[in-house]
Structures are given as structure tokens and as C-alpha cells.
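The block underneath contains the structure these notes are about, expressed in C-alpha cells.
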Amino acid sequence: MSQVFEGYERQYCEVSANLSRKCTAAAALNGEQKKQKLSEIKAGLDDAEALIRKMDLEARSLQPSVKATLLAKLREYKNDLNNLKTEVKRLTSPNANLAARDELLESGMADAMMASADQKGRLLMSTERLNQSTDRIKESRRTMLETEELGVSILQDLHQQRQSLLHAHNTLHGVDENVSKSKKILTAMSRRMSRNKWIIGSIIASLVAAIILILYFKLL
């Protein structure tokens, strides 16, 4: 999970909760006070939209597995922002003052309590979202650390295997050289043995010839 996205998310939840309070307050105002409050609300909506855009850009720059989760959360925030815009449109409509006045006269304290409950619900929802985001961030970090450790372990194993292969290659190269030298020595020995056989054969033949000559001359 991106810490940058988490920061934007926290700011948006604060802005959303603040806008909800201002909308509730604006519904009970009239005249210039209401205009001023609506002006503040519209400025807050601009800030909220800017945060939504920043979260969208940040989410799309992350890995696909993390991006899918963040974009799903972002859709919820966009829906929340659309609800706030709808509420602002209702407050700015020509009949908004009359409707608000009638509602206040009819419901009195009941409406105030309902507005407070709605505000509290929004705050609880924002807090729950932040807690869920924190848990997801921790889980993502843990997964990333485990993946990183696994990658390091695999690289170490590959390095050891490469060293073993290089050592085996060098050993085989040395064996090949020794085999070549042995072949040369055996070939030389074979040539010498052949030459010695011829020499010994020649000597034996000469001795036999000499013995025959000696016997021949003695028998005469």
C-alpha cells in the first residue's frame, strides 16, 4: 500500500466529515449566513475533488494487485462525494429555504437528533475506512517483505548453483587436459614398445643367424 495514497485518504475523510457538518449547519441558516456557508462548502468540494484526483493518479501508478484494491476504495469515496454534491444542490435550490423551514417547524429536535446521528455515522464510517486501510497497508507490507525475502533466497540459491556449475566446469576442463596428456603418454609408450619389439626381434634374428653360421662352420 502506498503511504502517499494513505495520506490523501486521511485528508479526504477529514474534508468529507467537515463538509457533512457544514451541510447540516447550512440547512438551518438563511440569507447571507447561508450563502457564506455554501461558499465554504463549495470550496471544500473543490478540495475533495482534488484529493480524489490525486488518489486516482497514485493508485494507477502502483502494482496491479495493489491498484485494484485502491481503485475499489476510490469508487466508494467518489460515491460519497457525489452524495455531498447532491446535498449541496438541494441546499442551493430556490425552495431549499422553505423546505428547510417547514422541516424544522415540523420535526424540531427530532431532525436535529437525526442530523447528529447522520454526522456521527459518517464519522464512524470514515474511521472504519481508515482502520481498514491501515490493516490493508500492514498486510500488503507483510506480503511485500515476504516476497522480497523469497526473492533474495532464490537469488542466493541461483548464485550457489552457478558457482557449483562453474566449479564443475573447471573440474571437467582439468580432467579433459589430464586425459589428453594421458593419451599422449600412452601413445608415446606404445611407439616405444613397438620400436623395442623391432630391436629385440632384430637382435634375436642376428643371434640365431650367428649360431647357425657357427654350427655350420663347426660341422664342416
Side-chain angles (χ1 to χ4, degrees), residues 1-29 34-93 96 99-100 103 107 110-155:
M1 184 77 68
S2 171
Q3 292 183 354
V4 176
F5 185 93
E6 183 184 4
Y8 292 148
E9 183 181 29
R10 187 179 296 108
Q11 293 178 36
Y12 175 80
C13 290
E14 292 175 356
V15 171
S16 177
N18 189 32
L19 287 173
S20 297
R21 290 192 296 269
K22 289 183 178 180
C23 287
T24 302
L29 297 177
K34 185 173 184 178
K35 290 181 180 179
Q36 182 178 358
K37 185 65 66 175
L38 288 174
S39 178
E40 295 176 2
I41 291 173
K42 290 179 180 179
L45 288 175
D46 292 338
D47 293 339
E49 288 182 346
L51 290 170
I52 289 290
R53 288 194 296 269
K54 290 178 181 179
M55 283 191 286
D56 185 71
L57 291 174
E58 178 64 20
R60 295 182 186 280
S61 66
L62 299 175
Q63 298 177 353
S65 58
V66 180
K67 179 172 67 175
T69 302
L70 295 183
L71 289 178
K73 292 177 61 177
L74 191 59
R75 284 193 292 271
E76 296 179 2
Y77 294 140
K78 288 180 179 179
N79 290 333
D80 178 69
L81 182 60
N82 289 332
N83 291 334
L84 289 173
K85 289 181 178 179
T86 302
E87 180 66 16
V88 173
K89 288 181 180 180
R90 188 184 69 82
L91 292 173
T92 55
S93 63
E103 289 176 359
S107 59
D111 280 345
M113 292 177 65
M114 290 178 62
S116 178
D118 182 67
Q119 178 183 347
K120 183 178 180 181
R122 285 181 178 272
L123 290 174
L124 289 174
M125 183 179 65
S126 299
T127 303
E128 184 179 357
R129 287 175 179 172
L130 285 175
N131 291 334
Q132 291 176 356
S133 299
T134 302
D135 293 338
R136 288 170 182 162
I137 289 171
K138 290 181 180 179
E139 182 65 22
S140 298
R141 286 178 179 173
R142 185 181 65 81
T143 303
M144 290 176 67
L145 288 175
E146 291 178 353
T147 304
E148 184 178 357
E149 290 177 356
L150 179 60
V152 171
S153 177
I154 292 173
L155 288 176

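All residue numbers refer to positions in the sequence shown, counting from 1. This is a predicted model, so every value here is computed, not measured.
Considering only residues two or more places apart in sequence or on other chains, E76 meets the side-chain hydrogen bond (donor to acceptor under 3.5 Å, both in side chains) condition with none of them. For Y8, there are no ring pair (Phe, Tyr, Trp, His ring centres under 6.0 Å) partners at least two apart in sequence or on another chain. Shown here are the side-chain hydrogen bond (donor to acceptor under 3.5 Å, both in side chains) partners of D80, two or more places apart in sequence or in another chain: Y12, S16, R122. Take K78 and apply the side-chain hydrogen bond (donor to acceptor under 3.5 Å, both in side chains) test, not counting sequence neighbours, and it matches no residue.
Here the CG-NZ distance, from L91 to K34, works out to 5.5 Å after rounding to the nearest 0.5 Å. Note that CG of L57 and CG of L62 are 11.0 Å apart. Values are rounded to the nearest 0.5 Å. Separating the CD atom in Q63 from the OG1 atom in T69 is a distance of 11.5 Å, to the nearest 0.5 Å. Rounding to the nearest 0.5 Å gives a distance of 11.0 Å between CG of L84 and CG of N79.
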What donor-acceptor contacts under 3.5 angstrom involve side-chain atoms of residues 35-46, with partners at least two apart or in another chain?
none

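By the 4.5 Å heavy-atom criterion applied to side chains, E49 and K85 are counted as neighbours.
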task: Go through E14 and R10 one step at a time and tell me if the salt bridge (Lys or Arg N to Asp or Glu O under 4.0 Å) criterion holds.
output: CA-CA 6 Å; E14 292 175 356; R10 187 179 296 108; 5.7 Å; no
task: Apply the test side chain to side chain contact (heavy atoms under 4.5 Å, CB included) to residues T86 and R90: give CA-CA distance (whole Å), side-chain angles for both, the deciding distance (0.1 Å), then the verdict.
output: CA-CA 6 Å; T86 302; R90 188 184 69 82; 5.8 Å; no
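The stretch residues 53-68 participates, sequence neighbours left out, in these salt bridge (charged side-chain N to carboxylate O under 4.0 Å, His left out) pairs: D56-R60.
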